Structures are given as C-alpha cells and as structure tokens.
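Chain letters run A, B, ... following the sequence lines, proteins first, then strands; residues in each count from 1. Note that this is a predicted model, so its numbers are computed, not measured.
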Amino acid sequence: MDRVNEPTPYERSFFERAPDDVARALIGSVLQVRDAHRVRRARIVETEAYAGFDDPGSHAYRGPTPRTAVMFGPAGFLYVYLIYGMHWCVNVVTEGVGTPSAVLLRGAVLLGHDDADDAAVNLRGPGNLTKGLGITGSDSGLDSCDPHSRVSFLSAMSTVADSAIGVTRRIGLSKGRERESRYFLVGDSAVSKVPPADR
DNA sequence: ACCACGATGCACT
DNA sequence: GTGCATCGTGGTT
C-alpha cells in the first residue's frame, strides 16, 4: 500500500545556508511528524534564526557543550532542548560544520485534521509546537533529511509572497535582542504575540 | 501597554 | 547557585 505521491523532505543543501535565509524559507513550509499511529503535517508560520559565535543569543555562542553538540555538526539535523524545566524547543541546524547556527520553530498550523482533537491542537509558541506534535528531547540529533526520519520538512504547498512575511527582533532573550531575525506569516493567528517594546 | 507570578528541570560555571 | 530562545493568567495605569 504505497503512497503514490509521498513527498520527499528538503535535501541538505536547503539547510546549508545562512540561518536567516533558512528561517525565511521555512515560512509556509511543512513540518511532518510521524508517530506509531499517524503522520501529521503542519504549516510553519513563525521562525527565528540563531547564528553562531557572533550571536550572544545563540546556544552556540560559547562553544560546544554536550547539550549543543548537534549545532556544531552538519545542517539538517534537529537540536531539541528543554527550557524552564518544562517546554521543549525544536531547531533545525543550518550552514554546516564549523559554522554553528540553527532555526527555532516558533509557530505552526496543523494541516488536514479530520477530527475535533486535531482541530483543537495549539501550535502557537515554541513550547506549544513541540507539545502539540509530540517532539521531545529524544528527537534531538536526528537527521531531518533522511527520508525515513520521524521529523522532516517538506516544501510549501503554495508560494508565500515576500510581502506576507514579517520580520522583527527575536522574543524572550536577554542577550542578542537587537538582531532582526524573527520571521512570521503576517496576520496568522498562530504567530506569537510580540512584546511591543521589542519592536 | 506594562508588570508580576508560578510552575519546574537542568546545563553550565 | 544562577539563569534560562516559555506559557498562562491576572493585576495596574
């Protein structure tokens, strides 16, 4: 019972670019997560770019640690970490070995949900996104470019106009707040509410 | 628009 | 021991 039009995930070269380019390109793209029961897909509506050594807001800023090791590896791999003791945050690594950088997924909208449970899933905010799709620390380090990967990225179902993508400073940081590296689909309800002072 | 809080675990110095 | 790339709620101006 093979699917005829099984989509292939973005290849590694998609992620081998500056994190801001990838963050922008991921808006409108599809995040796919498989579990034992089903495959779920969600449209990405908000991302943030984190650069490497020159970005004090990035976990890679102070060099590799056991936790952040994936960020220093090849592009396309997932970096998932726990924040405030209760929320998982998922990133995809960008650029490549020697230039640690990543894109944080901050908001999405579930696609093709048939039942009421799915319709109620809230993927607004990085913590809600991972919770709603069942992404945890055990997904950290997996290769999203592997066709069999549990988590992968697929191309947008429709093109997103540049004018539909907003850019602001990033949210929730104490360091590196100046950087304009937050990308979002203008007007989408799954986009985080921005602290106005942050703009 | 702004501030404050509690929940809750752990990586890092 | 300190400080989080959060979330929801509730209070004040």
Side-chain angles (χ1 to χ4, degrees), chain A residues 15 17-27 29 31 33 42 44-73 75-95 99-110 117 120-142 144 151 153 165-185 187-199:
Chain A
F15 302 101
R17 293 185 276 165
D20 282 88
D21 292 346
V22 177
R24 180 182 284 272
L26 281 176
I27 299 300
S29 296
L31 174 64
V33 181
I44 299 168
V45 299
E46 185 181 354
T47 59
E48 275 178 358
Y50 287 88
F53 301 115
D54 58 339
D55 178 4
S58 171
H59 288 176
Y61 185 59
R62 297 178 189 283
T65 66
R67 181 182 59 148
T68 63
V70 229
M71 278 190 76
F72 292 78
F77 284 68
L78 297 189
Y79 166 48
V80 186
Y81 68 92
L82 186 67
I83 184 90
Y84 294 108
M86 59 191 94
H87 305 293
W88 296 105
C89 291
V90 60
N91 298 249
V92 60
V93 175
T94 54
E95 296 182 279
T99 40
S101 61
V103 172
L104 169 68
L105 306 183
R106 291 193 55 92
V109 178
L110 202 63
D117 285 351
V121 171
N122 169 23
L123 306 179
R124 182 172 83 184
N128 289 332
L129 187 151
T130 53
K131 185 184 176 208
L133 294 174
I135 295 171
T136 71
S138 64
D139 293 308
S140 197
L142 71 75
S144 79
V151 180
F153 298 88
I165 299 179
V167 187
T168 68
R169 279 140 87 132
R170 298 173 297 187
I171 294 179
L173 288 76
S174 65
K175 284 162 282 184
R177 316 181 82 236
E178 326 76 28
R179 210 176 253 266
E180 302 264 332
S181 288
R182 170 176 172 261
Y183 301 85
F184 59 96
L185 200 56
D188 196 287
S189 61
V191 170
S192 308
K193 307 200 168 189
V194 210
D198 245 22
R199 267 193 283 219

Undergrad: Using whole Å, report how far CZ of A/Arg106 lies from C1' of C/dC7.
TA: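 Those two atoms, CZ and C1', are 11 Å apart.
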
Undergrad: Would you say A/Asn122 reaches C/dC7's phosphate, i.e. side-chain N/O to OP1/OP2 under 4.0 Å?
TA: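 No, no such contact exists.
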
Undergrad: For the base of B/dA7, is there a side-chain donor-acceptor partner from A/Tyr84 under 3.5 Å away?
TA: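 A donor-acceptor contact between them is absent.
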
Undergrad: Which is true for A/Gly127 with a 4.0 Å heavy-atom rule: it touches a base, it touches only sugar-phosphate, or it touches nothing?
TA: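 Answer is sugar-phosphate: A/Gly127 comes under 4.0 Å of backbone atoms only.
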
Undergrad: Between B/dC10 and C/dG8, how far apart are the C1' atoms? Round to whole Å, please.
TA: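 Per the computed distance, 22 Å lies between those C1' atoms.
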
Undergrad: Nearest whole angstrom, please: distance from the C1' of C/dA5 to the OH of A/Tyr183.
TA: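 A/Tyr183 atom OH is separated from C/dA5 atom C1' by 16 Å.
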
Undergrad: For the pair A/Arg106 (side chain) and A/Thr47 (backbone), establish whether a donor and an acceptor sit closer than 3.5 Å, ignoring hydrogens and angles.
TA: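 Side chain of A/Arg106 to backbone of A/Thr47: no pair is present.
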
Undergrad: Heavy atoms only, 4.0 Å cut-off, all strands: where does A/Asn91 land among base, sugar-phosphate and nothing?
TA: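 Base, at least one base heavy atom under 4.0 Å.
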
Undergrad: What's the CD1-P distance between A/Ile135 and C/dT6, to the nearest Å?
TA: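 Checked: the CD1 to P distance equals 17 Å.
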
Undergrad: Given the side-chain rings of A/Phe15 and A/Phe77, with only the six-membered ring counted for Trp, is the space between their centroids under 6.0 Å?
TA: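 Aromatic pair excluded; centres sit 6.0 Å or further apart.
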
Undergrad: Atom OH of A/Tyr79 and atom P of C/dA5: how far apart are they, to the nearest Å?
TA: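 About 9 Å, once rounded to whole Å.
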
Undergrad: Tell me if the centroids of the rings in A/His59 and A/Tyr81 come within less than 6.0 Å of each other.
TA: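 Yes: the rings meet the under 6.0 Å criterion.
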
Undergrad: Would you mind reading off the distance between A/His59 atom NE2 and C/dG3 atom P, rounded to a whole angstrom?
TA: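 Taking atom P of C/dG3 as the reference, NE2 of A/His59 is at 15 Å.
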
Undergrad: Taking pairing as Watson-Crick or G-U wobble with both contacts under 3.5 Å, can you name the mate of B/dG6, or confirm there isn't one?
TA: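 Its partner is C/dC7 (Watson-Crick or G-U wobble, both distances under 3.5 Å).
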
Undergrad: Please give, in whole Å, the distance from C/dG3 P to A/Leu82 CG?
TA: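 A/Leu82 atom CG is separated from C/dG3 atom P by 19 Å.
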
Undergrad: How many Å lie between NZ on A/Lys175 and P on C/dC4, as a whole number?
TA: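 It is 5 Å, rounded to the nearest whole Å.
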
Undergrad: Between A/Tyr50 and C/dA5, do the rings stack, that is, sit under 5.5 Å apart with planes less than 30° off each other?
TA: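 The base of C/dA5 is stacked with A/Tyr50 (centres under 5.5 Å, planes under 30°).
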
Undergrad: Reckon A/Ser174 has a side-chain N or O less than 4.0 Å from the OP1 or OP2 of C/dC4?
TA: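 Answer is yes, contact under 4.0 Å.
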
Undergrad: Applying a 4.0 Å non-hydrogen cut-off, can you work out what A/Leu104 is touching in the nucleic acid: base, sugar-phosphate, or nothing?
TA: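 Base contact.
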
Undergrad: If you check every side-chain atom of A/Arg62, which of B/dT13, C/dT6, C/dA5 has the closest atom?
TA: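 The answer is B/dT13, which lies nearest to the side chain.
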
Undergrad: For A/Lys131 and C/dG8, what is the distance between atoms NZ and C1' respectively, to the nearest whole Å?
TA: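 After rounding, the reported distance stands at 11 Å.
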
Undergrad: Answer yes if the side chains of A/Glu48 and A/Ser181 hold a donor-acceptor pair under 3.5 Å, and no otherwise.
TA: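 There is no such pair (donor and acceptor under 3.5 Å, judged by atom type) between the side chains of A/Glu48 and A/Ser181.
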
Undergrad: Please determine, by modelled atom types, if A/Ser192 and A/Glu46 share a side-chain donor-acceptor pair under 3.5 angstrom.
TA: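 Yes - a donor-acceptor pair under 3.5 Å links their side chains.
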
